[in-house]
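Scroll down for the structure; my scribbles are underneath it.
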Amino acid sequence: MKARLRRSAALLAGSLIPLSLLMGQPANAVSADPMTDAFARAAATYEVPRDLLVTLAFAETHLDGHEGEPSASGGYGVMHLVSNPTAHTLERAAKLTNQPVSALKADDAANITGGAAVLRAYADELGLDAAARKNPAKWYPVVAKYGNAASPDVARLYADTVYDLLAEGVEADTADGESVTVRPQAVEPDRGAYARARDLNTSAAAAAVDYPSAHWVPAHSSNYAVSSRPTSDAIDRIVIHVAQGSYAGTISWFQQGPRPNPTSAHYVIRSSDGDITQMVREKDRAFHAGEYNRRSVGIEHEGYVNNASWFTDTMYRASAALTRNIADRYGIPKDRTHIVGHHQVPGTDHTDPGPYWDWTKYMQYVTGGSGGGNPHTAESVCGSGYKVIDSAALSTAGTVYLLYNSANGYNCVATIKKTSLGTATATSAYLEVQGKTRVTDSGNFAYYAGPVRASAADKCVRWGGKAGSAVYDSPFEHCG
């Protein structure tokens, strides 16, 4: 049965089979954990690693199918099957599974099956044999391709996000209250050709960036208008958006064009750690807010308006620091008249940032209330599951932290600045596992250096960092 299912496009053509029977269940069977079961069945059918399949879906949608409504880039369901002018994974999934597009859009189980089928098709095209398909590390180029990225750099960003989440583990509740989990696991991905792509998680900001801690990934030239603001038009508004999509997906969407409805924003911010990418220079007009395009800077936030899980404290703090920086540079008052949601723009039909956006918290952070100081912490930089086990002050310039994740046996080092925040200054962090080569993240950074991670179970580590002129170097310690 499974051998035939893996060739479903060829063998099931012309006959629609109910998904429940296709997956080997009676049509009237009711599962207590339907999404968990759907991931397991789809993974087994198409020989896709189950945990990787779940993690990719979580990275795309937090396992929320949004009742069949599309993302901003035309993606549907928990697997974000896309139908837009440049990507057609939804239509491909329909051919591979012989399921109607309507079911793939709205039915979670059908959508998960469709996503697994597309991943398997990519794996076949890229030459993954049966042995390789059992190794999650070998799926990296497949995952990168699944993201429909407009450039190798963004494809790497997309795939790295999935593998970082796999290392951290996933604990997600569905809209129906079901808990879906993936245990943390250390996988060293085989990036193949993507190893040569720019790492947008660590690369220093380019000269084009207006905000020092942002990465520079330019939007397609058709998605914005070259201008000379504030000389040509005063900048007196900051518009807060929610992307209706993932971080990498939004960046990729702004890179694609030309298209009938050009779209971009000046900045995009990631939910998990507050990472910031600039895509349009502030002097230029991004196409994001209709009547306010000429007078505003637009900030997109990863996530969906109807799912509060995307709005992390780390995202709020990073976004508020960016907004505060923009407001200070252009003399924009830090109030709700001048810092507005997309829904407040005259003539718009948009609702973002939506009912779950905490304006009270956000404005407190913008105005320097409880949000003063560095918006990043060592835990947010290293990721879920990491706990601080040691630290060392770098005079008054910052602190270097050593963290450990007991679930996967990895250490992590991050240097968090305390002074010159928002200004790129010399900062570094390093981690050396005894008997292995030291790994260092060093450069001119606005808020922190790192994360530097390494597997160190049963090993001694040497760690340290630098902020300004202050340096800390540990001996080999924390053994075992």
Side-chain angles (χ1 to χ4, degrees), residues 69-75 82-87 148-151 153-154 157 200 206 208-211 214-270 276-305 319 322-323 325-327 329-330 332 338-354 357:
E69 293 298 315
S71 70
S73 59
V82 176
S83 178
N84 67 39
T86 60
N148 303 305
S151 69
D153 296 348
V154 178
L157 175 68
L200 298 179
V209 171
D210 295 298
Y211 185 61
H215 314 295
W216 174 245
V217 178
H220 192 277
S221 59
S222 66
N223 288 330
Y224 66 94
V226 175
S227 187
S228 57
R229 304 187 310 165
T231 302
S232 59
D233 298 283
I235 298 175
D236 63 1
R237 295 290 190 276
I238 299 170
V239 180
I240 303 301
H241 302 267
V242 171
Q244 294 298 95
S246 69
Y247 183 59
T250 302
I251 293 169
S252 182
W253 185 238
F254 291 166
Q255 283 189 303
Q256 296 175 16
R259 55 177 184 257
N261 297 303
T263 310
S264 66
H266 295 90
Y267 296 96
V268 186
I269 302 182
R270 185 159 56 194
I276 300 174
T277 291
Q278 182 171 3
M279 302 197 69
V280 178
R281 288 292 307 275
E282 291 173 10
K283 75 176 187 66
D284 297 328
R285 287 186 285 117
F287 299 152
H288 67 104
E291 292 186 22
Y292 277 9
N293 283 345
R294 289 186 176 276
R295 66 191 305 179
S296 67
V297 172
I299 305 174
E300 287 280 4
H301 297 79
E302 180 184 32
Y304 292 80
V305 296
S319 177
L322 170 60
T323 290
N325 179 278
I326 295 168
R329 285 188 282 111
Y330 295 104
I332 302 172
H338 297 84
I339 301 169
V340 301
H342 193 178
H343 69 287
Q344 294 174 262
V345 175
T348 188
D349 60 354
H350 287 254
T351 62
D352 57 311
W357 182 263

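- Side-chain contact between Phe254 and Pro218 is absent, with no heavy-atom pair separated by less than 4.5 Å.
- With rounding to the nearest 0.5 Å, the separation of CD1 in Ile276 from CZ in Arg270 is 11.0 Å.
- Side chain of Asn223 to backbone of Gln256: a donor-acceptor contact under 3.5 angstrom is found.
- Heavy-atom minimum distance, Glu291 versus Pro346: OE1-CB, 3.5 Å.
- Residues Thr323 and Ile240 form a side-chain contact, since some pair of their non-hydrogen atoms from C-beta on lies under 4.5 Å apart.
- Annotation: the span from Ile332 atom CD1 to Ile238 atom CD1 amounts to 4.0 Å, rounded to 0.5 Å.
- Using a 4.5 Å heavy-atom cutoff, the side chains of Val242 and Gln244 are in contact.
- Under a 3.5 Å cut-off, the side chain of Lys283 and the backbone N or O of Ser227 do form a donor-acceptor pair.
- Ring geometry for His342 versus His241: interplanar angle over 60°, hence perpendicular rather than tilted (30 to 60°).
- Among all heavy-atom pairs drawn from Val82 and Ser73, the shortest one is CG1-O, 3.7 Å.
- Atom CG of Leu157 sits about 6.0 Å away from atom OH of Tyr247, to the nearest 0.5 Å.
- Neither side chain, Tyr267 nor Ser319, offers a donor N or O lying under 3.5 Å from an acceptor on the other.
- With hydrogens and angles disregarded, no donor-acceptor distance shorter than 3.5 Å links the side chain of His350 to the backbone of Asp352.
- In this structure, Tyr304 and Ser71 approach most closely via the heavy-atom pair OH-CB, 3.6 Å.
- The two residues Pro262 and Pro260 come nearest to each other via the heavy atoms CD-O, 3.3 Å.
- Surrounding CZ of Arg229 are more than 12 heavy atoms belonging to other residues, nucleotides or ligands, all under 6.0 Å away.
- Nearest approach of Met279 to Ile251, heavy atoms of both residues: CE-O, 3.2 Å.
- Within the 3.5 Å criterion, the main-chain N or O of Gly298 finds a donor-acceptor partner in the side chain of His266.
- In this structure a side-chain-to-backbone donor-acceptor pair under 3.5 Å is missing from Asn293 to Arg285.
- A pairwise comparison of heavy atoms in Tyr224 and Ser264 identifies CB-OG, 4.0 Å as the closest pair.
- Going from atom CG of Asp233 over to atom OG of Ser228 covers 7.5 Å, rounded to the nearest 0.5 Å.
- Between the Glu300 side chain and the Ala243 main chain, a donor and an acceptor come within less than 3.5 Å of each other.
- Ile339 contributes atom CD1, which lies 12.5 Å from atom OG of Ser296 (distance to the nearest 0.5 angstrom).
- Using a 4.5 Å cut-off on side-chain heavy atoms (C-beta onward), Trp253 and Arg259 make contact.
- Annotation: side chain of Thr86 is not in contact with side chain of Asn148 (no heavy-atom distance under 4.5 Å).
- At least one donor-acceptor pair under 3.5 Å links the side chain of Asp210 to the backbone N or O of Glu282.
- Looking at heavy atoms from C-beta onward, Leu200 lies out of side-chain contact with Thr277 at the 4.5 angstrom threshold.
- When atom types are taken as modelled, the side chain of Ser83 and the backbone of Gly74 share no donor-acceptor pair closer than 3.5 angstrom.
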Checking Arg237 against Tyr330 for the side-chain contact (heavy atoms from CB on, under 4.5 Å) test, could you report, in this order, the C-alpha distance in whole Å, the side-chain angles of both residues, the deciding distance, and whether it holds? CA-CA 10 Å; Arg237 295 290 190 276; Tyr330 295 104; over 6 Å; no

